[in-house]
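Structure first, then comments.
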Amino acid sequence: MYVACERLRNPSLIGKPVGVQQKGLLATASYEARALGVDKLCSLREAKQRCPSLILVNGEDLTLYRYYSRRVFNLVRSALGTSPVEKLGMDELFCDVTDMVTEHLAELKDTSPHPRGRWFSLAEVDRTTPSDNKGFWYDPSSVCPGYIIPEDIATAAADNGVTPSTEIIAASHLANHIRHLVLSQIGLGSSAGIAYNKTLAKLVGNLHKPHQQTTLTVHPGATDEYISVVRELLDPLDARKLMGFGSKVLHTLRDHVTGSVRPFTTDLAVEDRRSDTPLTVGFLRQHLTKQLFCTLLGMQNGQKLWDLLDGKDEEPVKPSPEFPLTISIEDSFDERRGILDWSGVLREIEILTNSLLRRLEIELVDGGEIEGVRTDPSPSQPPRKWQRYPSQIRLTIRGGHSREIAYNANRESRSAALPVPVFDLDVPRIERSQALIRQPLSALAKQILDKGVESKITEKYEISIINIAVTHLQITPPEKAINAYFSSETIIGESSMNTSHERSAIGVAHINGSKRARPSHASGLDFGMLRELPPDIREDVLREYGIDASELDLEEPPNKQSKSNSVSAANTGPEDIPADSPSERIPEITWNLQNRTPVSPSTSDAETSSSTEEIETGVTECELCGAVIFGWSMDAHKAYHAGS
DNA sequence: CTGGGGTCCT
DNA sequence: AGGACCC
């Protein structure tokens with residue numbers, strides 16, 4: 001999916017071996033790359049070794065993928081009406097289409113044959129009148145689009161005793177239509193699995209991968225036939241293919257099998273355990289018991305996992321909410337980047353916090369909408385309004401880079417209430433980030449680090465991951481009102497963020513305490529700060545004060561500041577303007593929905609283009625604020641961020 | 001040179 | 001707060 005998204009942004013990547021890189025890992029690879037021997041999730045070094053022609057795209061910023069993920073989610077949800085749609089990660093959806101299929105089949109009885117085939121209505125009302133944008137035609141004689149399990153059902157349905165479920169056949173046509181919809185409307189291909197429960201649907205969907213769909217046609221109502229078909233399908237598979245059989249469960253089972261079963265049997269399958277062969281579903285079902293599962297894996301979980309071995313899965317499709325429950329952002333550090341002193345820790349936390357706040361504005365603030373995807377509003381739109389208010393903030397730090405550390409071990413987290421002033425969009429994002437560091441993030445970091453997650457090396461902390469999350473997203477605003485930044489109150493000095501005055505504290509700190517503060521306008525506006533505002537916010541502010549932007553000299557000062565004047569150097573780039581950050585150009589991609597050709601500022605090759613640009617112009621982007629800065633002034637720019 | 005995210009359960 | 005699972 002990542003590669004597909006990158007290809008929409010840069011069509012020259014189509015047809016080539018492309019890998020998406022996240023730090024030293026190849027997060028995913030195009031099918032062309034896989035054909036050349038590149039595995040997903042292999043190290044970058046290995047990938048380049050195996051496939052020197054591999055084109056790498058950096059995928060550490062997930063903005064583009066989130067954008068398409070949400071578009072697909074919204075499109076499918078809107079096509080399926082009231083049917084539950086559940087997101088799993090960025091690129092998978094579960095859809096419970098039971099109701100739609102049932103209603104469709106009920107209608108068929110009063111429908112006479114039609115030359116165009118059969119009409120499947122997606123409309124909530126008036127399901128019998130064909131209308132091309134509320135349903136689709138399909139050919140009922142094709143049985144099922146794509147692959148079918150059991151394989152011989154299409155040719156031998158009459159005499160092999162296996163009868164395809166009519167519901168499943170209809171669902172298969174529906175899935176095919178949805179896939180066409182996603183392809184034609186958004187430009188993303190997809191695979192699908194159609195079955196009677198989530199586990200089996202997911203499983204068969206993975207059998208035929210690029211752009212195919214696979215249907216398990218048997219109905220659990222036909223018990224004997226269902227059991228035999230499902231067992232034939234599942235038994236040879238690695239149990240890890242079943243949702244819920246993760247690494248811990250399999251390790252527990254393997255320990256038990258090798259420890260207690262091996263001595264008592266010469267079973268070949270058991271010998272296989274010793275040589276690291278996957279535990280198969282059939283082996284577990286035949287040699288272990290439900291009781292044992294419950295003992296080893298817990299009552300509830302053991303029962304559920306045991307049932308999965310027979311393809312039994314009652315888990316409902318849980319509709320994913322419009323807004324996620326948590327939003328987090330993280331960065332990882334290798335041994336070179338990850339040895340930090342206290343101020344280094346704070347610097348990294350500030351970078352992450354600023355990115356997080358930017359994300360919150362993109363994802364939680366109501367602006368214009370493009371196909372249901374929230375975007376930053378245009379300046380002429382009404383004031384931006386938060387759609388969700390996170391109430392907690394959590395800092396997680398993983399220390400150490402030593403090889404022995406288990407996958408997720410050595411992580412510690414602390415959380416605190418999220419101060420209300422963070423929602424004040426009139427305050428520059430960087431100010432709100434810094435306020436969050438002062439309270440409560442630096443205290444949380446101290447709690448974690450002082451406890452010793454780090455291996456202290458001469459006042460340095462060894463850190464491999466920092467994650468900052470906001471949680472408990474609520475629909476109702478926090479109790480305390482959010483006043484405008486440009487309040488007529490004048491409060492000077494430190495103030496707690498927990499009183500009703502505190503939101504002023506951020507603004508006051510800026511007006512009175514910032515090195516950047518310039519002489520104020522009679523209206524109380526600070527033009528130094530005004531220049532740093534995103535254009536849309538700036539427009540709002542000016543309108544609020546009845547000032548015509550043309551009266552103001554908001555042009556950037558000459559880009560030649562010394563370090564001692566780093567403040568102005570910080571203004572050389574449009575630090576808070578999302579559109580200048582390559583990762584946030586998404587809303588600018590325009591679509592020709594007729595022929596699905598993305599129109600975007602693409603060059604012949606994304607990778608060479610970006611690196612070439614950097615070499616030729618000497619321009620880099622500030623990690624913290626997105627400002628585009630000449631290399632020679634980056635030090636001054638960073639000093640600006642570092643300064644309080 | 002082993003991402004950057006998420007959900008649910010305990 | 002941590003740990004399992006998922007992508």
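All values derive from a computational prediction rather than experimental measurement. First the proteins, then the strands, lettered A, B, ... as listed; each starts at 1.
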- Query: How is A:S464 classified with respect to the nucleic acid when contacts are heavy atoms under 4.0 Å: base, sugar-phosphate, or nothing?
  - Reply: nothing
- Could you tell me whether the phosphate oxygens of B:dC8, OP1 or OP2, come under 4.0 Å of any side-chain nitrogen or oxygen in A:K318? yes
- Item | A:R66 vs A:Q21, nearer the 5' end of DNA chain B by closest nucleotide | A:Q21
- Taking atom P of C:dA1 as reference, at what distance in whole Å does atom CD1 of A:I468 sit? 15 Å
- Is the A:Y147 ring parallel, tilted or perpendicular to the A:H208 ring (thresholds 30°, 60°)? parallel
- Between A:S332 and A:K48, which has a closest nucleotide on DNA chain B that is more 5'? A:K48
- Note on the structure: A:H251 NE2 to C:dG3 P, in whole Å, measures 17 Å
- Look at all strands and tell whether A:R394 reaches a base, only sugar-phosphate, or nothing, counting heavy atoms closer than 4.0 Å. nothing
- Closest to side chain of A:R45, choosing from B:dC8, B:dC1, C:dC5: B:dC1
- Message: Holding to side-chain contact (heavy atoms from CB on, under 4.5 Å), I want the full list of residues that pass it with A:A175, two or more places apart in sequence or in another chain.
- Response: A:A192, A:I194, A:Q213
- May I ask you to say what A:K304 touches in the nucleic acid, namely base, sugar-phosphate or nothing, with a heavy-atom cut-off under 4.0 Å? nothing
- Query: What class does the angle between the rings of A:Y2 and A:Y65 fall in, given that below 30° is parallel, 30 to 60° is tilted and above 60° is perpendicular?
  - Reply: parallel
- Atom-to-atom span, CE of A:M90 to P of C:dC7 - whole angstrom: 14 Å
- A:L62 near the nucleic acid: base, sugar-phosphate alone, or nothing, with a heavy-atom cut-off under 4.0 Å? sugar-phosphate
- Item | Separation of atom CD in A:E412 from atom C1' in C:dG2, rounded to whole Å | 10 Å
- Message: Using a heavy-atom cut-off of 4.0 Å across all strands, would you classify A:V20 as base, sugar-phosphate, or nothing?
- Response: nothing
- Message: Using whole Å, what does the distance between atom C1' of nucleotide B:dG3 and atom CG of A:D331 come to?
- Response: 10 Å
- Query: Considering only side-chain heavy atoms of A:V249, which listed nucleotide, C:dC5, C:dA1, C:dC6, is closest?
  - Reply: C:dC5
- Query: Would you say the side chains of A:S433 and A:N354 form a donor-acceptor pair under 3.5 Å?
  - Reply: yes
- Sugar-phosphate only, base, or nothing, as touched by A:E330 at under 4.0 Å among non-hydrogen atoms: base
- Does a side-chain N or O from A:S415 land closer than 4.0 Å to OP1 or OP2 of C:dA1, or not? yes
- Message: Closer than 4.0 angstrom, basic N to acidic O: yes or no for A:E6 and A:R9?
- Response: yes
- Whole-Å gap separating P (B:dC1) and CD (A:Q22): 17 Å
- NA contact type, A:I329, heavy-atom cut-off 4.0 Å: base, sugar-phosphate, or nothing? sugar-phosphate
